[in-house]
Amino acid sequence: MGGAVSAGEDNDDLIDNLKEAKYIRSEQVEQAFRAVDRGDYYLDTYRENAYKDLAWKNGNLHLSAPCIYSEVMEALTLRQGLSFLNLGSGTGYLSTMVGLILGPFGVNHGVELHKDVVEYAKERLDSFIKNSDSFDKFEFCEPKFVVGNCLEIASDSHQYDRIYCGAGVQKDHENYMKIMLKVGGILVVPIEDQLTQITRTGQSSWESKDILAVSFAPLVQQNRADCSKPETVELPPVTIRSLQDLSRIYIRRALRSLIDEASPATQRVPHKRRRRRCRRGRISTYVFVGNQLIPQPMESEEEDRVEQEIKEEVEDEDEEKEGSEEQPLKPEELRINLLREKILSLPLPDALKAYLLHYREK
């Protein structure tokens, strides 16, 4: 599934193309996508394909196409402090992006069938926290992953504000997932080749809206042939943060505010390089190739006119940039992690500094 937009050279290029095609429509979703490099969730030998709008699978590892994740993130309508459950959490790529929006007082849980994939997701999460340049720019809700079949979740588990299922759901499992929603909550799930948004409007009422035609592998069901009792999945507990953890959150928040007030120029977003043109039109047809449903964009008779309009827009923007007195930041200024520098300059014991930095190495 994928192929809705042009391939990118890197993560920013891919996001530019997703915005151009209107798959990414909100600023918070754009920021989350830019902060988490999709290539970091690929095996190194396949990283060159990370910025194509295509799904990827290797063994048990799987990533949906970027256009699918874009639609999912937009449909979830996330905000700080919500609880999120990812059914079929895979590599943790989506859960990490969600965590950047939920903030430190949200809940971020994932259930994944394969133990090796959960281990891979934990490794990718640890790498993001320790090495990503984006980590200190956000307040993060760290995902917690458990191994198990998402159709065997304990019946007394807590409910969630937002739920996503990353595998095809049969109609007879739809109600099973809907009852895990809080009233007012949103479930985004592929049902009968349609990515669907379901909102719980009351104790026994829901509203549904189709978002996009998709093709997902079906959920793996428990094998009952041997009549053995299925293993119940216990979701992670929802815990109250410790005073120590709360102190770190508020100290980092206060320092970040001081930095923003003292150095507003360093918070400017630098001009990105000019995007390569991708089609504005949404996918309008799908064809089967083997057992995969592949989107095919339709050719437009107005394409030449649109290209000319974009060329004129680029020229206008370049003229505006040349007439502006604002100077772009130097590359060395952009690389400085001001929050880290501020923490390291505080008259505190090294152990406390390390804690405030989340033990990050850079």
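Because the structure is a prediction, the values reported are computed rather than measured.
Between Glu112 and Gly90 the shortest heavy-atom distance is OE1-N, 2.9 Å. When all heavy atoms of Ala50 and Leu14 are compared, the closest pair comes out as O-CD2, 4.3 Å. Nearest heavy-atom pair across Asn108 and Ser95 is ND2-O, 2.9 Å. Among all heavy-atom pairs drawn from Tyr42 and Leu54, the shortest one is OH-O, 4.0 Å. Heavy atoms only, all atoms of each residue included: Val117 and Thr91 are closest at CG1-N, 4.1 Å. Shortest non-hydrogen contact noted between Pro190 and Ala167 is CG-O, 3.2 Å.
Remark: Lys353 NZ is packed, more than 12 non-hydrogen atoms of other residues, nucleotides or ligands lying under 6.0 Å away. For Lys57, the NZ atom counts as densely surrounded, since its 6.0 Å shell holds more than 12 non-hydrogen atoms of other residues, nucleotides or ligands. When the shell of 6.0 Å around CD of Glu207 is examined, it contains 12 or fewer heavy atoms from other residues, nucleotides or ligands. Atom CZ of Arg253 sits in a crowded spot, with more than 12 heavy atoms from other residues, nucleotides or ligands closer than 6.0 Å.
The side-chain heavy atoms of Phe140 and Leu100, taken from C-beta on, include a pair separated by under 4.5 Å. Two residues are said to be in side-chain contact when any heavy atoms from C-beta on lie closer than 4.5 Å; Glu30 and Ile15 meet this criterion. Side-chain contact check for Val214 versus Gln194: every heavy-atom pair is 4.5 Å or farther apart. Here the side chains of Glu152 and Glu231 are not in contact, with every heavy-atom distance at 4.5 Å or above. You'll find the side chain of Pro104 reaches within 4.5 Å of the side chain of Arg241, heavy atoms only. Taking the side chain as every heavy atom from C-beta outward, Val36 and Ser134 never approach each other to under 4.5 Å. Here the side chains of Leu181 and Ile163 are in contact, with some heavy-atom distance below 4.5 Å. Counting heavy atoms from C-beta on, the side chains of Phe216 and Ile68 come closer than 4.5 Å.
The pair Asp37-Arg124 fails the salt-bridge criterion, with no side-chain N (NZ, NE, NH1 or NH2) lying under 4.0 Å from an Asp/Glu carboxylate O. Note on Arg47 versus Asp40: salt bridge recorded, some NZ/NE/NH1/NH2 to OD/OE distance being below 4.0 Å. Ionic pairing of Asp126 and Lys130 is present here: one or more N-O contacts between side-chain nitrogen and carboxylate oxygen are shorter than 4.0 angstrom. With salt bridges taken as basic N to acidic carboxylate O contacts below 4.0 Å, one links Glu71 and Arg25. Using a 4.0 Å cut-off between a side-chain N of Lys or Arg and a carboxylate O of Asp or Glu, Arg340 and Asp136 do not qualify as a salt bridge.
Criterion: ILVMFWY side-chain heavy atoms under 4.5 Å apart, direct or through other members. Under it, Ile179 and Met177 are not part of a common hydrophobic cluster. Val183 and Trp206 are members of different hydrophobic clusters when ILVMFWY side chains are connected at heavy-atom separations under 4.5 Å. Residues Leu348 and Leu246 are members of separate hydrophobic clusters, defined by side-chain heavy-atom contacts under 4.5 angstrom among Ile, Leu, Val, Met, Phe, Trp and Tyr. Put simply, Ile211 and Leu18 are part of the same group of oily side chains (I, L, V, M, F, W, Y) that touch within less than 4.5 Å, one to the next.
The aromatic rings of Phe105 and Tyr250 sit tilted relative to each other, their planes meeting at an angle between 30° and 60°. Between His109 and Tyr160, the two ring planes are perpendicular [angle over 60°; tilted spans 30° to 60°].
One distance of note links CG of Leu87 with SG of Cys150; it measures 5.0 Å at 0.5 Å rounding. Distance CZ/Arg360 to CG/Asn131: 7.5 Å, rounded to 0.5 Å. Taken from NE2 in His158 to CE in Met180, the straight-line distance is 10.5 Å, to the nearest 0.5 Å. Put simply, CD1 on Ile101 and CZ on Phe84 are 10.0 Å apart, with the number rounded to the nearest 0.5 Å. Separation of atoms OH (Tyr51) and CG (Asp10) is listed at 6.5 Å; rounding is to 0.5 Å. The CZ atom of Phe145 sits 5.5 Å away from the OG atom of Ser89 when rounded to the nearest 0.5 Å.
Looking at Tyr120, its side chain does come within 3.5 Å of a backbone N or O of Tyr41 through a donor-acceptor pair. Checking side-chain atoms of Ser132 against main-chain N and O of Ile129 turns up no donor-acceptor pair under 3.5 Å. Listed for the Arg248 side chain is no donor-acceptor partner under 3.5 Å among the backbone atoms of Leu356. Distance alone, capped at 3.5 Å, places no donor-acceptor pair between the Arg79 side chain and the Leu82 backbone. A donor-acceptor pair under 3.5 Å is formed between the side chain of Thr96 and the backbone N or O of Gly92. Side chain of Ser242 to main chain of Asp245: a donor-acceptor pair is present (N/O by atom type, distance under 3.5 Å, no hydrogens or angles). Proximity of a side-chain donor or acceptor of Asp53 to a complementary backbone N or O of Cys67 within less than 3.5 Å is detected. Under a 3.5 Å cut-off, the side chain of Tyr164 and the backbone N or O of Val189 do not form any donor-acceptor pair. Judged by distance alone, with hydrogens and angles left aside, the side-chain atoms of Gln197 form no donor-acceptor pair with the main-chain N or O of Lys209 at under 3.5 Å.
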Could you give me the CA-CA distance, side-chain angles and deciding distance for Glu119 and Lys115, then say whether salt bridge (charged side-chain N to carboxylate O under 4.0 Å, His left out) is met? CA-CA 6 Å; Glu119 293 303 317; Lys115 183 178 180 180; 5.8 Å; no
May I have the step-by-step check of side chain to side chain donor-acceptor pair (under 3.5 Å) for Glu74 and Ser26, ending in yes or no? CA-CA 7 Å; Glu74 293 287 358; Ser26 63; 3.1 Å; yes
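Leu243 belongs to no multi-residue hydrophobic cluster, having no ILVMFWY side-chain contact under 4.5 Å with any other such residue.
The one candidate from Val147, Leu85, Asn149, Val118 that meets the side chain to side chain contact (heavy atoms under 4.5 Å, CB included) condition with Val111 is Leu85.
Sorted by first and then second residue, the salt bridge (charged side-chain N to carboxylate O under 4.0 Å, His left out) pairs involving residues 163-192 (not counting sequence neighbours) are Asp161-Lys182, Lys171-Glu174, Glu174-Lys178.
In this structure, a donor-acceptor pair under 3.5 Å is present between the side chains of Asn58 and Tyr46.
In this structure, Arg38 is positioned above the aromatic face of Tyr93, its NZ or CZ under 6.0 Å from the six-membered ring centre and within 45° of the axis.
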